[in-house]
Amino acid sequence: MPKILFISIPNSCTAMLNLSRLCQCKQSLNAVQSKLLVSSRNGFSNSIISRQIITTTKTHRYNILGRLSLSSTIKSNSIIMRFCSSTPKPKTSKAVGYWLLGCSGMVFTAVVLGGVTRLTESGLSMVTWRLLGEKMPTNEEEWQKEFEKYQQYPEFKYKNQNITFSDFKWIWYMEFAHRTWGRAIGAAMFLPAAYFWYRGMLLPDMKIRVAVYCGLVAAQGLMGWYMVKSGLEDRFHGPSDVPRVSQYRLAAHLSLAFILYAGLLGGALRVLRPFPAAATLQKIKELKSITGLAHAVKAMTFITAVSGAFVAGLDAGLVYNSFPKMGDNWLPDDILAFSPTIKNFTENPTTVQFDHRVLGASTLAAATALWLLSRGRPLSPGARAAARALAAMAWMQAGLGVATLLCYVPTALAASHQAGSLVLLSLAVWLTHEVKLLKYIPK
């Protein structure tokens with residue numbers, strides 16, 4: 001069984017000892033280069049240094065040169081040394097990681113497709129729901145039956161009375177594509193999960209994660225129909241009532257999608273860029289602020305996206321199409337027009353748009369501050385790249401949001417803005433993973 005020598009240098013990088021010069025081996029040493037943040041008694045090193053993990057077998061013997069003994073040299077240089085002999089922990093197959101990554105990509109596509117479905121007002125064209133999918137009409141008679149069913153519901157009665165048969169087909173195809181893609185995600189999730197589980201390719205912690213992912217996929221499908229059902233109910237009677245889905249259910253539907261996406265991406269990273277097995281998670285003072293701010297940006301990105309669902313559900317992007325002011329004022333007169341006051345934050349389009357602006361600006365400021373803070377911290381190249389990309393994407397996302405508002409919410413720009421929120425969340429997940437990798441110190 002191999003023995004592994006881990007060396008950490010308490011005082012500084014300059015005290016590193018090249019052990020290969022102290023030893024004469026019958027066989028050559030196998031050295032694996034990796035990167036390590038060096039902890040010391042005096043604090044935390046401001047750089048990432050190279051370490052060598054030197055492996056030998058029981059048959060290897062070291063002969064110390066001259067009067068210089070290995071133990072005395074280590075002691076005199078204040079080097080902390082630990083030998084360990086253990087079998088490596090089992091690892092989850094890379095295939096599982098690529099499967100989770102692929103599923104996260106499918107969820108990304110579903111979110112964008114759902115946004116386009118909402119923007120084209122196609123979501124209420126299909127008035128029935130079946131677990132295994134609806135049959136696509138194959139002839140004119142079947143299409144006519146679908147159209148007649150659509151005519152019995154509020155969207156046609158109060159809004160789309162003049163819709164043509166060909167236009168109805170187009171919005172029906174859009175909703176059908178969204179639902180079919182959602183069921184494809186279910187198949188891509190459940191079938192491989194059963195295979196990996198049966199073959200014993202999932203470790204206990206990954207089994208829990210996969211079970212949660214499968215539960216979220218199922219919940220997402222049910223929430224999708226529950227959302228659509230709210231737009232089919234006969235509750236639109238006022239002169240200004242517009243048949244549409246409940247903004248609360250739309251926000252819940254989008255929230256589940258974002259949670260599922262972030263979970264799948266995080267799970268994939270844990271497999272494809274795993275935390276070291278022979279190491280312990282340590283609290284590192286110099287990374288505390290970076291860690292906290294990175295998690296804050298991730299949470300703020302999620303909250304801002306959820307507020308965007310309320311903007312979409314209430315068509316709030318069309319009430320004030322100016323920036324940075326809302327009309328002629330920084331604070332609109334009708335921002336608290338509803339009573340009780342709490343209703344304004346979820347039902348008043350003016351307040352909902354104002355909240356989304358504030359949350360977007362706050363997320364941008366936090367992402368920029370995170371990048372500035374990261375420049376003076378001991379980060380790996382991957383973490384530093386993630387921090388830069390996160391800040392750049394935050395500015396791009398803010399630009400897309402302003403352009404969408406000023407152009408009166410065109411489909412292409414609005415869909416790009418929604419996709420941008422997922423890209424921003426992806427970068428935040430990546431950054432938090434990279435920072436956590438730096439906290440694993442060899443035992």
Verdict with supporting geometry, Leu425 and Phe258, side-chain contact (heavy atoms from CB on, under 4.5 Å): CA-CA 9 Å; Leu425 181 63; Phe258 270 64; 3.6 Å; yes

Is a side-chain donor or acceptor of [X] paired with a backbone partner of [Y] at a separation under 3.5 angstrom?
| X | Y | result |
| --- | --- | --- |
| Glu142 | Thr138 | yes |
| Ser339 | Thr341 | no |
| Arg179 | Met126 | yes |
| Ser322 | Gly327 | yes |
| Arg270 | Phe275 | no |
| Arg118 | Gly123 | no |
| Asn321 | Gly317 | yes |
| Arg235 | Pro243 | no |
| Gln397 | His417 | yes |

Which residues pass the side chain to side chain contact (heavy atoms under 4.5 Å, CB included) test with [X], sequence neighbours left out?
| X | result |
| --- | --- |
| Ala391 | Trp371 |
| Ser307 | Thr304, His356, Leu359 |
| Glu434 | Arg273, Ser380, Ala383, Trp430, Leu437 |

Leu406/Val402 under side-chain contact (heavy atoms from CB on, under 4.5 Å): CA gap, chis, key distance, verdict: CA-CA 6 Å; Leu406 297 179; Val402 173; 3.8 Å; yes

Under 6.0 Å from the [atom1] atom of [X], do we count more than 12 heavy atoms belonging to anything else shown?
| X | atom1 | result |
| --- | --- | --- |
| Ile342 | CD1 | no |
| Lys288 | NZ | no |
| Met396 | CE | no |
| Glu141 | CD | no |
| Tyr226 | OH | no |
| Phe165 | CZ | yes |
| Asn329 | CG | yes |

Carboxylate-amine/guanidinium proximity below 4.0 Å for [X] and [Y]:
| X | Y | answer |
| --- | --- | --- |
| Glu134 | Arg130 | no |
| Lys229 | Glu233 | no |
| Glu140 | Lys145 | no |
| Asp234 | Lys157 | no |
| Glu146 | Lys149 | yes |
| Arg244 | Glu121 | no |

Check against side-chain hydrogen bond (donor to acceptor under 3.5 Å, both in side chains), Asp334 and Tyr320: CA-CA 11 Å; Asp334 57 340; Tyr320 284 97; 3.0 Å; yes

Aromatic ring proximity Trp143/Tyr173, centre distance under 6.0 Å: yes

With a 4.5 Å limit on heavy-atom distance, are the side chains of [X] and [Y] in contact?
| X | Y | answer |
| --- | --- | --- |
| Lys94 | Pro274 | yes |
| Tyr195 | Leu191 | no |
| Arg209 | Met206 | yes |
| Gln151 | Phe147 | yes |
| Phe190 | Val217 | yes |
| Glu175 | Val228 | yes |
| Ile185 | Gln220 | no |
| Leu379 | Leu287 | yes |

Can you tell me how far the [atom1] atom of [X] sits from the [atom2] atom of [Y], to the nearest 0.5 Å?
| X | Y | atom1 | atom2 | value |
| --- | --- | --- | --- | --- |
| Asn344 | Phe338 | CG | CZ | 6.5 Å |
| Gln144 | Asn139 | CD | CG | 11.0 Å |
| Met201 | Phe196 | CE | CZ | 5.0 Å |
| Leu100 | Met189 | CG | CE | 6.0 Å |
| Met174 | Thr117 | CE | OG1 | 4.0 Å |
| Thr351 | Leu314 | OG1 | CG | 10.0 Å |

Worked check of side-chain hydrogen bond (donor to acceptor under 3.5 Å, both in side chains) between Tyr261 and Ser426: CA-CA 9 Å; Tyr261 174 77; Ser426 305; 2.4 Å; yes

Aromatic ring pairing His253/His178, orientation class (parallel under 30°, perpendicular over 60°, tilted between): perpendicular

Looking at every heavy atom in both [X] and [Y], which two are closest together, and how far apart are they?
| X | Y | answer |
| --- | --- | --- |
| Ser93 | Val271 | O-CG1, 3.4 Å |
| Trp225 | Val127 | CH2-O, 3.7 Å |
| Leu265 | Ser104 | N-CB, 4.0 Å |
| Lys298 | Val429 | CD-CG2, 3.9 Å |
| Gln418 | Leu254 | NE2-CD1, 4.3 Å |

Test side-chain contact (heavy atoms from CB on, under 4.5 Å) applied to Val352 and Phe345, step by step: CA-CA 6 Å; Val352 167; Phe345 295 96; over 6 Å; no

Residue pair Asp167, Ile171: steps toward the side-chain contact (heavy atoms from CB on, under 4.5 Å) verdict: CA-CA 7 Å; Asp167 287 341; Ile171 62 174; 5.9 Å; no

Short side-chain donor-acceptor distance under 3.5 Å, [Y] and [X]:
| X | Y | value |
| --- | --- | --- |
| Glu155 | Tyr150 | yes |
| Ser230 | Tyr248 | no |
| Trp170 | Ser122 | no |

